[in-house]
Structure formats: structure tokens, C-alpha cells
Amino acid sequence: VTVRRTAAILVTGSEILLGRTQDRNSGTLARSLDAHGVRLERIVTVDDREEHLRAALDGLLAEGHDLIITSGGLGPTHDDRTVAIVAEATGRALVLDEPVLAEITAIVTGYAAQRGVPVERLLPGAIKQSMVPAGAHVLSPAGTAPGVIVPGATTVVVLPGPPTELAEVWAAALVHPVLADLISAQLERRILRIWSTPESTVARAFEALGGDDHGTETSICATRLEVEVVVRFPPEARVAGNRLADGLVEEFGAAVYAEDDLTIEARVVAALCERGLTSGTAESCTAGMIAARLGNVPGASATLRGGFVAYANDVKTAQVGVPAELIERHGAVSAEVARALAEGVRERLGCDVGIGVTGVAGPGGGSEAKPVGLVHIAVVGPHGLGEALERRFPGDREAVRTNTATAALHLVRLLLQRLPAGA
Ligand code: ATP
């Protein structure tokens with residue numbers, strides 16, 4: 001029987017407890033651990049006070065996890081104490097690691113030259129950052145701080161705080177032999193993304209299929225308009241895991257839009273690329289969010305022609321070609337104007353798929369006929385194909401705008417699915 005490894009994360013940083021910085025590192029690590037079959041049991045966040053850090057680390061060590069990962073507190077100054085406290089807690093001396101000192105010295109020599117400061121000023125910091133627990137494995141720095149793996153009954157991985165540095169050093173840690181051994185007991189996963197279906201409906205279907213009674217571990221999570229189901233199972237429960245996932249796919253049919261970790265925007269960009277089609281947006285209430293989400297996907301430039309932030313009525317008319325009398329007759333928030341925005345951007349930018357959205361994001365500006373949250377979305381494509389949606393989204397301004405963007409991307413997906421093959 002597969003025994004799952006367990007882990008805890010220790011996030012350090014007063015700025016996080018002050019609400020100034022949002023913790024991104026625990027999410028990065030949590031998703032990665034889940035993907036590797038490791039059960040994350042706890043996340044602890046502490047400020048930079050030495051006694052707090054020490055108490056938190058001692059507490060986590062006493063809990064007997066297989067793995068503890070720390071984030072932050074590796075800077076060159078003496079108030080960055082994570083490595084020293086990990087050394088102390090694991091009963092190891094701090095020793096100078098010569099190879100990493102050479103690496104850091106080369107890095108800070110480059111910084112010093114760029115900034116015109118004498119390198120001597122940075123050397124004490126480089127020496128401080130090269131002190132590691134005796135017997136630890138050193139991971140090359142992504143910034144100036146190296147990561148450290150301290151093996152033991154509980155293996156402690158010490159990572160830098162800046163999120164891109166943490167991600168880079170963690171990627172190196174994952175392939176280090178010490179960790180590769182720890183996380184080799186892999187769970188398999190089936191990820192299903194289900195569009196526009198209530199979470200409770202998905203939960204009922206899951207229960208009707210027998211739930212997690214046969215060795216699976218399933219999470220059902222509603223994020224805005226999508227429900228993400230992750231069925232995890234060890235090799236010995238593979239049959240049950242697949243039966244559960246297949247049952248859900250059958251139950252929800254076309255609403256299951258993905259069996260992977262891809263976002264809807266990544267899926268849309270891929271589908272446009274596959275068909276050699278381009279897209280453009282004319283966005284009123286989302287003011288560019290749809291274009292931004294498409295633009296976030298690597299390779300978007302092959303498919304995204306551009307977009308209009310068409311907020312004011314005269315901009316809708318002058319820039320996107322929405323007839324003024326159409327706005328006059330139906331109002332700016334209407335199916336007709338959404339359609340005209342989609343057609344307008346298609347024509348003005350010469351793209352294959354035009355996306356138009358208009359709505360009342362709130363909190364003000366609603367009326368009885370057009371309440372806050374009402375949105376109209378239209379997508380037009382080749383062969384006269386079109387998709388349209390009218391929805392009234394609950395929630396605040398941010399929720400209405402985000403949901404509108406997500407729904408618009410789904411309409412593009414649905415339209416592309418209807419395109420004749422080879423078109
Ligand atoms: P540095 O060498 O930059 O001091 P460090 O390893 O000591 O790195 P911290 O000092 O804890 O890391 O954090 C440096 C910066 O990285 C913080 O100001 C913050 O902007 C960002 N940061 C740290 N931890 C997190 C986190 N958990 N989530 C998001 N950002 C973080």
C-alpha cells in the first residue's frame with residue numbers, strides 16, 4: 001500500500017502578517033507538493049522575530065513531517081536568520097560553503113559593477129549567505145541566496161522569499177536526489193474542469209458514484225464559474241480512481257472542458273493556434289481583462305491581434321463602429337451592442353474571432369431594467385458562427401468583471417468547438 005509522505009510549510013515575513021505582501025509562495029509549493037503526491041498538512045506563517053521562527057520550526061519538527069519547507073529570511077543582512085535557526089534546530093553547526101561563496105561572489109561582483117559600488121561592501125553579505133548547516137546540500141542561488149536541503153528524519157528545505165527565486169530554487173530541489181527519493185511515491189491524478197455547473201451538483205454526482213470509498217482522495221473546488229475536481233489515487237486504487245473520473249466525465253458531458261491543469265485562456269489560445277485563427281476584443285465593463293488574460297498565455301501573439309477598451313459610448317462608435325443609434329435604441333448594456341462590439345472588432349482588426357462584452361459592473365450604475373451584475377457577451381467567428389450569453393453575476397465589481405472575462409473565454413471555446421474541421 002502506498003504511504004503518502006507528509007509536509008509542512010513555514011512562511012516567514014513580517015510584511016505578510018502586516019497584510020502588505022500576499023503570500024504567494026505557499027500556494028506555489030502546495031500545488032507542487034500535491035502534484036507529487038505529498039500530503040501538505042500545515043502552513044505556518046511567522047514574522048521575522050527570531051524566537052517566533054525558532055518556536056514555529058521546533059513545533060513543526062516535533063510533529064514528525066517527512067518534509068518541512070521554509071520560505072524567506074535568506075538575505076545578506078543579519079536580521080535574515082532562517083538558515084541559522086534551521087541549523088540550530090537540526091543540531092548542526094553553521095559552516096562556510098566555499099563553492100557557493102565563489103558563486104555568490106561572482107554574482108555580487110556583477111551587481112557592484114552595475115551599480116558602481118565597491119564590491120568590498122557586498123562581500124560580508126556574501127559570506128553570511130554562504131554559511132550553511134554542516135552536511136547540508138546547497139542549491140545554487142537564483143538571486144544571491146542559495147537554497148539548502150538539510151537531510152534527516154524530517155528533511156528541511158530552506159528557500160528564498162522572492163517568489164520567482166523560490167520557484168526556481170524549488171525546481172532544483174525537486175530533482176535533487178535527496179528529495180527525489182522522498183517524493184517518489186507518486187499518486188496519480190485526474191483533473192476535471194467543469195464549466196458553469198453548481199458545485200453542489202458536482203458533489204452529488206460524486207457521492208452517487210460512491211465517493212472516496214475505494215482509496216481515492218478527491219477535492220471539489222468551485223472557482224468562480226468553474227468547478228475543479230481532482231481525483232487522486234495510489235496505483236492500487238487506479239481502477240476506482242478512473243471509474244470515478246470517467247463517471248463524472250460521462251455525467252457532465254460537454255461541460256467538462258478540460259482534463260488537465262490548463263486555464264481556460266491557455267486552452268483558448270491553443271485552440272486558436274491549432275486552427276490558425278486570430279482573435280480580438282472590444283471590452284466595455286472588463287476594460288481589457290479578456291485581452292490581458294489571453295496575453296498572459298505564452299505564444300498568444302500568434303493569435304491575439306489586439307483589442308479596444310471601449311468604455312465610453314462615443315469610443316464604442318468611433319473606434320469599434322457600433323452604430324450610435326443602436327446604443328440609443330437598446331442601451332449600451334444590451335445583446336445588440338455586445339454583438340456589434342464583437343463584429344466591429346472583427347472588422348476593424350481583421351481578426352477571425354471577435355469578442356464583445358458590455359455590462360454593469362457596479363456598485364453604482366444599475367437600474368431596474370439593467371441591474372448591477374447584468375452582462376452581455378457576444379463572440380463572432382468565421383462562417384457566420386456566433387455565441388451569445390446574457391448573465392446576471394452576483395458579487396462585487398471585481399467578481400462581475402472577472403466572471404464576465406471567464407464566461408467570454410468559454411464562449412470562444414464553445415464557438416471553436418462548433419467550427420467545421422479544417423476551417
Ligand atoms: P532577500 O535576499 O531579498 O532578502 P529573503 O529570502 O530574505 O530574500 P525575504 O526578505 O523574506 O526573503 O523577502 C524578500 C521579498 O520577497 C519580500 O519583500 C517580498 O516582497 C517577497 N516575498 C517574501 N516572501 C514572500 C511570499 N511568501 N509571498 C510573496 N512574496 C514574498
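Note that ligands are numbered from 1 as they come in the structure, with each ligand's atoms numbered from 1 the same way.
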> Side-chain contact, heavy-atom cut-off 4.5 Å: Arg391 with Ser196?
Replying inline: yes
> Quick one: does Asn25's side chain get under 4.5 Å of Val11's, heavy atoms only?
Replying inline: no
> Can you tell me if CD on Glu51 sees more than 12 non-hydrogen neighbours from other groups inside 6.0 Å?
Replying inline: yes
>> Can you confirm whether more than 12 heavy atoms, excluding those of Glu250, are under 6.0 Å from its CD atom?
In response: no
>> Checking Asp260 now: which residues fulfil salt bridge (Lys or Arg N to Asp or Glu O under 4.0 Å) with it, not counting sequence neighbours?
In response: Arg267
>> I'd like the contact residues of ligand 1, where contact means a heavy atom below 4.0 Å.
In response: Val11, Glu15, Ile16, Thr21, Gln22, Asp23, Arg24, Asn25, Ser71, Gly72, Gly73, Leu74, Gly75, Asp80, Pro160, Gly161, Pro162, Pro163
> In this structure, which one of Arg339, Arg418, Arg413 forms a salt bridge (Lys or Arg N to Asp or Glu O under 4.0 Å) with Glu387?
Replying inline: Arg418
